[in-house]
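Below, all heavy atoms of this structure are taken into account, side chains as well, without hydrogens, waters or symmetry copies. First the proteins, then the strands, lettered A, B, ... as listed; each starts at 1.
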Amino acid sequence: DTEVTQTPKHLVMGMTNKKSLKCEQHMGHRAMYWYKQKAKKPPELMFVYSYEKLSINESVPSRFSPECPNSSLLNLHLHALQPEDSALYLCASSQPPWGTKTNYGYTFGSGTRLTVV
Amino acid sequence: DQQVKQNSPSLSVQEGRISILNCDYTNSMFDYFLWYKKYPAEGPTFLISISSIKDKNEDGRFTVFLNKSAKHLSLHIVPSQPGDSAVYFCAASGGDAGNMLTFGGGTRLMVKP
């Protein structure tokens, strides 16, 4: 299995809703990432988990709450989002950012297209 | 400070001709470079990579060239096909960032039939 699977593919939510995005990989990668991408912009890093521990939080608002239940799963819990949070949310996995010599880059999921109304 | 830059936001090429996408970086500690291809509403997919110990890596129609002294890399696609139309992101890793990727802003390639 060489894929990162993200669900759902599309999500429309109101500003008072609570929803979760899910990401799963079975490549044995011990680092997982959440990125946010707006149209015509590069992916913007949100969170990095290394060995199931949060290692980087790029000053993301608390209405985004990541969770890594185990080495294969990564969730992003959403609450009280704003319309400007509408974007493509990408999950990626890789070998750990530090302590490994070989770099194979990231494997990205297909993303969740989130629309906040 | 943008450490990886793709100065051309878009590029239009005729089918069958060569596409050349450029990328510049400022961090001399970067030692691994990748190109990703992205279609709308999909995640980026890995295309080709190069280590700093090499100056060229080829995979089918795709070749990446690295000029370390100029801190410049380029992706050549030949011959270009309409299905190559996508956004191409250059990424780099190494140094303090370890294997974390730093992305360029992307170049939209349009291959016209």
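In the displayed structure, Arg17(B) atom CZ is contacted under 6.0 Å by at most 12 heavy atoms of other residues, nucleotides or ligands. Within a 6.0 Å sphere centred on CE of Met15(A), heavy atoms belonging to other residues, nucleotides or ligands number 12 at most. In this structure, Lys54(B) places its NZ atom where only 12 or fewer heavy-atom neighbours from other residues, nucleotides or ligands lie under 6.0 Å away. No more than 12 heavy-atom neighbours from other residues, nucleotides or ligands sit within 6.0 angstrom of NZ on Lys19(A).
Cluster membership for Leu11(A) and Leu81(A), using ILVMFWY side-chain heavy atoms within less than 4.5 angstrom, is shared.
Phe103(B) CZ to Gln37(A) CD: the interatomic distance, rounded to the nearest 0.5 Å, is 9.0 Å.
No donor-acceptor pair under 3.5 Å is formed between the side chain of Tyr33(A) and the backbone N or O of Met100(B).
Heavy-atom pairs under 4.5 Å with chain A were tallied for Gly106(B), Ala91(B), Gly43(B); the largest tally goes to Gly43(B).
For Gly104(B) against Pro42(A), the heavy-atom pair with the smallest separation is O-CB, 3.2 Å. Residues Leu88(A) and Glu42(B) share a closest heavy-atom pair of CD2-O, 3.8 Å.
For the pair Phe89(B) and Pro43(A), the minimum side-chain heavy-atom distance is below 4.5 Å.
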